[in-house]
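Read the structure below first, then the notes.
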Amino acid sequence: MSNNDASNTVKQPTNFIHQVIEQDQQQGLEKVVTRFPPEPNGYLHIGHAKSICLNFGTAEKYNGECNLRFDDTNPGKEDQEYVDAIMDDVRWLGFNWAGNVRYASDYFDTFYAWAQHLIKEGKAYVCDLSPEQASEYRGWATEPGKNSPFRERSAEESLDLLERMKNGEFDEGSRVLRAKIDMASPNMNLRDPILYRIRKQSHHQTGDKWCIYPSYDFAHGQEDAIEGVTHSICTLEFADHRPLYEWFIENLPVPTVPRQYEFGRLNINYTVTSKRKLKQLVDEGHVNGWDDPRMPTIQGMRRRGYSPQAVRNFCDSLAVAKTDGTVDMAQFEFFIREDLNDNAARAMCVMNPLKLIITNFVENIKSIQIDINTASQLEFCKLVGIGKLLAEKIVKYRNENGSFKNVTDLVRVNGIGEKTLDKNLRFIAPINSPPNSIEMLSAPLHPQKEMGTRELPFTRELYIDRADFSEDSTLSRKKFKLLVLGDYMRLRNAYVIKAEDFVKDDAGEIVEVHASLLPGTVGENPEGGIKPRGVMHWVSATEGKQAKVRVYDRLFNVESPDKGDGDFLANINPDSFSEIDNCWVEPGLVDAAPETAFQFEREGYFVADRYEHSPETPVFNKTIGLRDTWKK
RNA sequence: UGGGGUAUCGCCAAGCGGUAAGGCAACGGGUUUUGAUCUCGUCAUGCGGAGGUUCGAAUCCUCCUACCCCAGCCA
């Protein structure tokens with residue numbers, strides 16, 4: 001992988017879990033097994049990405065295995081839709097789980113048998129207290145709870161009651177199975193926690209087989225034990241559950257002994273990562289779904305154009321510790337830009353078009369258009385997909401049949417089809433007209449890396465960005481890198497031009513700029529010490545393509561939108577989305593595959609929309625702007 | 001409040017008794033056909049606070065303070 005060299009030079013943040021594993025290995029641990037255990041009740045977000053990278057990354061680092069396991073113990077909240085999306089997300093990040101996908105529900109039979117085991121051992125009982133009563137009996141932090149009146153019920157009776165709970169004889173909420181631990185424990189989780197509750201709901205995996213479902217606590221550690229998980233990594237809020245986790249492992253005939261370790265959850269400013277709040281954003285229509293590019297969901301980041309490698313690099317840069325801080329969004333953005341800068345092809349897109357006419361175009365451009373009635377074999381070879389042999393055939397055909405009457409007659413030559421003709425149309429001059437309407441320039445796809453080149457049609461009429469022209473020629477040369485009347489500017493990958501004139505409409509708006517090009521300045525500096533003020537991007541007005549660009553900004557305009565219990569929706573940034581219809585891009589861009597990333601030079605990074613981009617209706621999403629140190 | 005955690009630069013974070021790494025951000029300089037990239041440089045006598053132990057403390061001890069988590073038949 002490409003980040004190998006990075007990991008060799010960049011010092012890894014410490015990871016106390018890796019320290020634990022290395023100690024365990026010294027004690028004789030042979031194989032590390034981890035797991036990523038989401039509940040399929042929503043879409044994964046950046047916080048889960050950290051957990052995925054930690055669990056899968058740890059397994060990878062120590063040549064172990066990592067399972068993907070759905071913790072599906074509460075059917076009311078879960079859905080197959082989420083199962084599918086989560087698998088998609090894990091794969092997108094580039095991880096492979098060991099063996100098949102697992103489900104907690106795979107083990108429901110075992111859990112039931114283990115529940116019976118605990119009852120027989122006198123360590124669990126069916127309790128008939130209502131939820132309200134149970135809450136009262138549980139006591140308060142400073143005062144111990146009271147034993148349930150059903151606590152000393154006989155094993156036989158509990159066994160029978162549990163069986164009947166399973167058979168659907170009782171209503172939801174009427175009875176539960178509880179562990180008999182300690183109603184006076186200062187740890188509330190140990191005050192006779194619930195093992196099974198009645199839920200008359202069908203389950204996305206087990207259908208209607210069950211109407212009682214195990215609680216998280218009665219399931220999670222046992223799942224780990226069944227799968228041979230050695231290091232069960234979860235977030236800090238589960239630290240209080242560890243004694244219970246261990247209690248089950250000690251009191252049940254489990255095949256292996258997993259250990260639980262907790263690390264600090266990832267928080268990022270200017271966004272929210274609580275499932276409840278993300279759901280609210282979707283349900284109330286503040287965003288366009290879970291995969292809205294403004295969402296911190298993996299699906300959203302993907303649609304926004306964040307690369308999986310960038311997300312991974314960011315997650316790997318985070319220390320695995322027990323502190324609960326909030327990482328600056330700028331730190332994430334650094335990794336997004338770093339990866340995109342390396343890998344995104346460069347292109348030009350004019351987002352606010354202003355027409356620029358090159359007044360001396362005809363006299364000065366180097367045409368590569370071909371007059372098919374006079375071209376030689378060698379000249380035909382310049383066309384796309386035409387080699388020496390085909391070129392010879394064309395010349396022969398022309399000699400035998402006389403001049404072409406139409407450009408399209410080229411297909412009559414054996415070996416040239418519609419497709420070849422289409423690709424070459426712009427390189428062929430119309431019959432009987434001067435072959436000079438387009439100059440094909442070539443530009444590198446990347447300024448530093450060897451990524452090849454692209455063809456850039458340069459024509460008499462171009463589009464430049466409105467913001468790049470000013471009629472005010474008194475503007476400081478140093479401060480304003482603009483096309484200013486009477487001054488020079490470099491067209492990126494093309495000529496240096498000089499602005500000469502402009503046209504205003506009745507409303508006083510500039511609608512057209514006239515400029516002349518300096519011959520011989522493609523790839524060369526102008527003679528006579530002329531220094532352009534700067535460089536600007538452009539697109540041919542006749543050869544370029546119109547495209548739609550969606551610009552996204554942060555969803556919230558305060559650092560901690562969910563601080564406190566106030567309405568986090570009040571902090572929504574009303575200008576987080578805008579769509580610009582009249583953008584012009586290089587012709588080649590419309591053929592880009594969905595999810596291809598580009599840097600639109602001087603504008604930022606953009607991605608062809610995963611779902612809506614097509615050659616007919618090109619749609620690009622702004623992933624992130626370029627770093628901008630331009631101070632006015 | 002009882003229990004469980006955590007406190008080192010604006011943010012993330014190393015450090016594990018020997019005299020405060022690194023990254024992000026910020027700010028300066030250089031290169032540049034992207035105001036990008038790249039590159040060079042600046043940025044904690046200070047480690048939540050107060051005492052103490054020690055030749056020596058961010059690291060050990062004592063007390064204090066602040067913040068986070070638990071008190072669902074959610075995970």
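A, B, ... follow the sequence lines: proteins, then strands. Residue 1 opens every chain. Quick caveat, the model's predicted, so the values are computed rather than measured. Note: hydrogens, waters and symmetry copies are ignored here, and every other heavy atom, side chains too, is used.
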- Message: Let me spell it out: for each of Ser135(A) and Asn525(A), pick the nucleotide of RNA chain B with the closest heavy atom. Which residue's pick is nearer the 5' end?
- Response: Asn525(A)

- Query: Does the gap between the ring centers of Tyr196(A) and Phe218(A) come in under 6.0 Å?
  - Reply: yes

- Message: Closest approach to the side chain of Arg627(A), judged atom by atom: which nucleotide of A25(B), G15(B), G5(B) is it?
- Response: A25(B)

- Nearest-neighbour nucleotide for the Tyr216(A) side chain, G35(B), C11(B), A75(B) considered: A75(B)

- Side-chain N or O of Arg346(A) closer than 4.0 Å to phosphate OP1/OP2 of U34(B): no

- Using the C1' atom as the reference point in each nucleotide, state the distance between A58(B) and A50(B) in Å, no decimals. 16 Å

- Task: Carefully, step by step, assess Lys77(A) and Glu39(A) under the rule salt bridge (charged side-chain N to carboxylate O under 4.0 Å, His left out).
- Result: CA-CA 9 Å; Lys77(A) 293 184 169 183; Glu39(A) 182 187 18; 5.9 Å; no

- Item | Distance between P atoms of G3(B) and U42(B) (Å, rounded) | 49 Å

- If you measure from the C1' atom in U1(B) to the same atom in C11(B), how many Å do you get, rounded? 33 Å

- U33(B) base to Arg490(A) side chain: any donor-acceptor pair below 3.5 Å? yes

- Message: Please determine whether a side-chain nitrogen of the Lys or Arg among Arg602(A) and Asp465(A) lies less than 4.0 Å from a carboxylate oxygen of the Asp or Glu.
- Response: no

- Mind checking the C1' distance from C9(B) to G5(B)? Whole angstroms is fine. 24 Å

- Task: Check the distance between U33(B)'s P and Arg454(A)'s CZ and give it to me in whole angstrom.
- Result: 17 Å

- Within residues 69-77 of chain A, those residues having any heavy atom closer than 4.0 Å to RNA chain B are Asp71(A), Thr73(A), Asn74(A), Lys77(A)

- Query: Are OP1 or OP2 of C69(B) and a side-chain N or O of Arg265(A) less than 4.0 angstrom apart?
  - Reply: no

- Item | Heavy-atom pair with the smallest gap, counting every atom of His203(A) and Asp72(A) | NE2-O, 2.8 Å

- Would you say Arg178(A) reaches C73(B)'s phosphate, i.e. side-chain N/O to OP1/OP2 under 4.0 Å? no

- Item | Rounded distance in Å between the C1' positions of G23(B) and A13(B) | 8 Å

- Ignoring backbone atoms, establish whether Arg197(A) has a side-chain N or O less than 4.0 Å from OP1 or OP2 of C74(B). yes

- Round to a whole Å and report the spacing from NZ of Lys481(A) to P of A36(B). 8 Å

- Task: Measure from the side-chain heavy atoms of Thr323(A) and tell me the nearest of A36(B), A13(B), C73(B).
- Result: A13(B)

- Item | Axial cation check for Tyr213(A) ring with Arg199(A), 6.0 Å and 45° limits | no

- Message: Around atom NZ of Lys498(A), are there more than 12 heavy atoms from other residues, nucleotides or ligands closer than 6.0 Å?
- Response: no

- Name the nucleic acid region contacted by Phe238(A), choosing base, sugar-phosphate or nothing; use a 4.0 angstrom heavy-atom cut-off, strictly under. base

- Heavy-atom check, side chain of Asp106(A) versus side chain of Arg69(A), under 4.5 Å: no

- Message: With nearest nucleotide decided by heavy atoms, which residue, Val327(A) or Asp217(A), maps closer to the 5′ end of RNA chain B?
- Response: Val327(A)

- Task: Give the rounded distance in Å between these two atoms: CD of Gln331(A) and P of A25(B).
- Result: 9 Å

- Could you state the CZ-C1' distance from Arg492(A) to U33(B), rounded to the nearest angstrom? 5 Å

- Atom CG of Leu236(A) and atom P of C67(B) are separated, to the nearest Å, by 17 Å

- Query: Would you say a side-chain N or O of Thr629(A) is under 4.0 Å from OP1 or OP2 of A36(B)?
  - Reply: yes

- Item | Spacing of Tyr495(A) atom OH and Trp538(A) atom CH2 [to the nearest 0.5 Å] | 10.0 Å

- Task: Pick the C1' atom in U6(B) and in C40(B), then give their distance to the nearest Å.
- Result: 38 Å

- Under-4.0 Å side-chain N/O to phosphate OP1/OP2 contact, Arg138(A) with C73(B): yes

- Item | Ring centres under 6.0 angstrom apart (His241(A), Tyr245(A)) | no

- What integer number of Å spans the C1' atoms of U32(B) and C67(B)? 47 Å

- Glu237(A) CD - G3(B) C1' separation (whole Å): 16 Å

- Starting at the 5' end of RNA chain B, what dot-bracket string do you get if Watson-Crick and G-U pairs under 3.5 Å are bracketed, crossing pairs use [ ], other-strand pairs use | and unpaired bases use dots? .(((((((.[[[..)..(...]]].(((((.......))))).....[[[[[..)....]]]]])))))).....

- Task: Measure from CG on Leu445(A) to P on A36(B) and round the result to the nearest Å.
- Result: 22 Å

- Message: Distance check needed: G35(B) P versus Leu483(A) CG, whole Å only.
- Response: 14 Å

- Task: With syn defined as a glycosidic angle within 90° of 0 and anti as everything else, classify G49(B).
- Result: anti

- Item | Student check: side-chain heavy atoms of Leu68(A) and Pro38(A) closer than 4.5 Å | yes

- Query: Between Phe332(A) and Tyr306(A), is the gap from one ring center to the other below 6.0 Å?
  - Reply: yes

- Any Ser317(A) side-chain nitrogen or oxygen under 4.0 Å from OP1 or OP2 of C24(B): no

- Query: Ignoring hydrogens and angles, are the base of U34(B) and the side chain of Gln599(A) linked by a donor-acceptor pair under 3.5 Å?
  - Reply: yes

- Task: Answer whether the closest heavy-atom distance between the side chains of Gln309(A) and Asn313(A) falls below 4.5 Å.
- Result: yes

- Task: Take atom C1' in C47(B) and the same atom in A57(B), then report the distance between them in whole Å.
- Result: 11 Å

